[in-house]
Amino acid sequence: MYTKQDILDYVEEQNVNFIRLAFFDVFGKQKNVSILPQMLKRAFEEGISFDASAIDGFHQDVRSDLFLIPCPNTMSILPWRSLDGSVLRMYCDIQHPNGSPFQLDGRYLLKKEMEMVNEEGYQLEIGSEFEFYLFLADDNGKNSYVPLDDAGYMDIAPEDGGEDVRKNICLTLEEMGILPEASHHEEGPGQNEIDFLHANPVQSADDASTFKWVVKTAAKANGLVADFSPKPLKDKSGNGMHINMSIKKKDGSEDVTMPFMAGILRRLKEITLFLNPTAESYARLGSFKAPGYVSWAYENRSQAIRIPASHSEGRRIELRSPDCGANPYVAYLLLIEAGLEGVRENLVPRPAMDCNLFEADAEILLQLDHLPHDIQQARDMAKKSAFVKRVLPAEIIQAYMDRQK
């Protein structure tokens with residue numbers, strides 16, 4: 001947990017050339033501005049201004065000046081930029097000129113949600129699993145959509161062509177203070193997965209954003225293209241972002257896992273637009289172990305939510321429908337609030353579906369709610385949702401309605 005003074009001292013004592021101040025648009029795309037070390041004190045005290053009207057979803061055409069205030073406890077050194085002097089990166093709070101927080105910043109909204117979670121006496125952690133493809137780059141460095149290898153699930157080298165790249169990614173993350181839990185080859189040709197340990201949701205979202213950046217950087221350094229899109233190969237496995245969540249009362253008085261899960265299941269269709277935000281997302285759902293229905297079960301990977309087997313203390317739930325196009329700050333916010341709604345109302349989930357839904361009879365499937373079939377249906381469900389309107393600012397909702405992808 002670095003302080004402002006820690007960062008200022010480090011910059012003064014070490015060979016630091018630049019500081020990157022990073023933030024995110026409403027869709028979770030990372031942005032940044034670089035400053036020289038002599039500007040860092042001003043950044044902490046006053047902020048660094050930028051043009052909000054140029055950022056997707058920020059809707060600040062009239063009063064377009066916003067300020068970035070770096071968060072010192074998010075400081076990382078960029079390992080791939082250390083040869084000519086260190087480059088630091090910090091994520092930022094976004095403020096108006098009067099110092100008030102910018103309400104369309106998903107990171108701010110999640111931080112505010114976690115303050116409420118703590119006040120209500122809960123301990124909540126999230127850890128995500130990310131799937132991505134490694135494709136060969138063409139002569140122009142663009143995606144050729146030719147997979148790096150033809151390996152399958154958990155294969156090893158030499159069939160697994162991504163082993164060294166994954167190792168490089170994990171070591172880079174470790175240098176940046178992020179510890180992956182596991183990595184392996186996934187089912188698709190050239191497809192990989194890296195999983196993370198549970199953490200505070202804000203840190204988990206920060207780590208998720210850093211992770212995608214590191215993967216793309218490592219891939220490019222190896223003449224490859226990392227593709228996180230939901231369905232890069234039509235007849236192969238899609239890329240999911242499986243979100244693992246655990247919740248408990250700080251005083252240990254009760255197990256609230258089941259009502260928390262029931263709350264998420266109740267709102268899952270309404271929030272799918274923000275978990276699966278592109279038209280391509282809906283080509284993934286319903287095939288290759290990506291769920292198509294609102295359901296749950298123990299250990300069962302054909303369900304929207306499964307409760308994994310575990311030898312450790314406590315239970316977690318794994319939501320399998322989201323993909324890597326989701327803004328983790330917005331996605332986590334909606335899931336946490338939906339789950340807490342279930343806890344407050346003491347909801348009871350429907351019985352577990354102990355069958356393979358990809359092979360189930362129509363009679364069984366007719367008992368279940370289907371996830372949205374396409375992006376337009378997802379938009380319609382989100383637009384009608386009183387829950388979504390309560391949790392997210394209208395401008396963020398409208399940005400997702402208008403997005404052309």
Side-chain angles (χ1 to χ4, degrees), residues 28-30 79-80 127-174 176 178 180-196 207-244 275-291 301-302 318 320-326 328 358 405:
K29 184 175 182 180
Q30 187 173 165
W80 61 86
S128 293
E129 307 168 6
F130 297 88
E131 296 169 336
F132 59 94
Y133 276 83
L134 291 175
F135 293 115
L136 302 178
D138 64 20
D139 292 340
N140 297 314
K142 303 296 184 182
N143 197 344
S144 70
Y145 292 96
V146 176
L148 173 62
D149 58 49
D150 292 316
Y153 186 67
M154 286 194 172
D155 281 348
I156 61 173
E159 287 82 9
D160 172 14
E163 185 177 89
D164 287 340
V165 180
R166 289 198 308 275
K167 180 175 72 174
N168 177 251
I169 290 167
C170 291
L171 292 175
T172 300
L173 290 168
E174 186 178 20
M176 299 177 73
I178 301 171
E181 180 179 25
S183 67
H184 59 84
H185 200 285
E186 254 298 335
E187 292 189 24
Q191 191 182 30
N192 301 266
E193 177 175 310
I194 297 180
D195 307 338
F196 290 90
D207 291 350
S209 304
T210 300
F211 166 75
K212 289 196 281 187
W213 183 29
V214 169
V215 170
K216 291 177 181 179
T217 301
K220 186 174 182 179
N222 285 272
L224 304 169
V225 174
D227 192 327
F228 286 92
S229 62
K231 196 73 171 175
L233 296 177
K234 185 176 181 181
D235 58 345
K236 303 295 181 183
S237 297
N239 288 323
M241 181 178 76
H242 302 159
I243 301 176
N244 295 275
L275 307 178
N276 305 91
T278 67
E280 185 185 339
S281 297
Y282 300 85
R284 170 183 162 266
L285 294 177
S287 64
F288 291 96
K289 296 184 181 177
R301 284 176 166 81
S302 70
E318 177 189 323
R320 299 178 57 81
S321 61
D323 62 59
C324 301
F358 297 115
K405 271 193 177 183

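FYI, side chains are in, hydrogens and waters are out, and symmetry mates aren't considered; it's all heavy atoms of this structure.
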Trainee: So, do Ser237 and Lys289 sit near enough that their side-chain heavy atoms are less than 4.5 Å apart?
Mentor: no

Trainee: Hey, what's the ring geometry for Phe211 with Phe130, parallel, tilted or perpendicular (30° and 60° as the breaks)?
Mentor: tilted

Trainee: Between CD of Glu131 and CD1 of Ile194, what distance do you get to the nearest 0.5 Å?
Mentor: 11.5 Å

Trainee: Can you see which heavy atom on His242 is nearest to which on Arg284, and at what distance?
Mentor: NE2-NH2, 4.2 Å

Trainee: Distance check, rounded to the nearest 0.5 Å: Met154 atom CE versus Glu187 atom CD?
Mentor: 10.5 Å

Trainee: So, taking the atom named CG in Leu134 and the one named CD in Glu186, what distance separates them when rounded to the nearest 0.5 Å?
Mentor: 12.5 Å

Trainee: Quick test of your reading: applying ring-ring contact (aromatic ring centres under 6.0 Å, His included), list the pairs with at least one residue in residues 137-157, sequence neighbours left out, ordered by first then second residue.
Mentor: Phe135-Tyr145, Tyr153-His184

Trainee: I'd like to know if the side chain of Glu174 reaches the main chain of Pro180, judged simply by a donor and an acceptor atom lying under 3.5 Å from each other, with no hydrogens or angles considered.
Mentor: no

Trainee: Just by modelled atom types, is the Cys324 backbone N or O under 3.5 Å from a matching donor or acceptor in the Lys212 side chain?
Mentor: yes

Trainee: So do the side chains of Leu233 and Gln191 get within less than 4.5 Å of each other, counting heavy atoms only?
Mentor: no

Trainee: Counting distance only, does the side-chain N/O of Asp195 pair as donor-acceptor with the main-chain N or O of Glu181 below 3.5 Å?
Mentor: no

Trainee: Let me have the donor-acceptor pairs involving side chains of residues 218-230, under 3.5 Å, with sequence neighbours excluded, atom names and distances please.
Mentor:
{"from": "Asn222", "atom 1": "ND2", "to": "Ala218", "atom 2": "O", "distance (Å)": "2.8"}
{"from": "Asp227", "atom 1": "OD1", "to": "Ser229", "atom 2": "N", "distance (Å)": "2.8"}
{"from": "Asp227", "atom 1": "OD1", "to": "Ser229", "atom 2": "OG", "distance (Å)": "2.5"}
{"from": "Asp227", "atom 1": "OD2", "to": "Asn143", "atom 2": "ND2", "distance (Å)": "3.2"}
{"from": "Ser229", "atom 1": "OG", "to": "Glu280", "atom 2": "OE2", "distance (Å)": "3.4"}

Trainee: Between Asp149 and Pro189, what is the shortest heavy-atom contact and its length?
Mentor: O-CB, 3.3 Å

Trainee: Not counting sequence neighbours, list each pair that qualifies as a salt bridge (Lys or Arg N to Asp or Glu O under 4.0 Å) and has a residue in residues 151-164.
Mentor: Asp160-Arg166

Trainee: Looking at every heavy atom in both Arg320 and Glu318, which two are closest together, and how far apart are they?
Mentor: NH1-OE2, 2.6 Å

Trainee: Shortest non-hydrogen contact from Gly162 to Asn192?
Mentor: CA-OD1, 4.2 Å

Trainee: What are the two closest heavy atoms between Ser321 and Asn276, and how far apart are they?
Mentor: O-ND2, 2.8 Å

Trainee: Which pair of heavy atoms, one from Asp138 and one from Asn140, lies closest together, and at what distance?
Mentor: OD1-N, 2.8 Å

Trainee: Between the main-chain N or O of Phe358 and the side-chain N or O of Ser302, is there a donor-acceptor pair closer than 3.5 Å?
Mentor: no

Trainee: Taking everything shown except Asp150 itself, do over 12 heavy atoms lie less than 6.0 Å from its CG?
Mentor: no

Trainee: Has Asp323 got a side-chain atom pairing as donor or acceptor with Gly325's backbone, closer than 3.5 angstrom?
Mentor: yes

Trainee: Do the non-hydrogen side-chain atoms of Asn244 and Phe196 ever get within less than 4.5 Å of each other?
Mentor: no

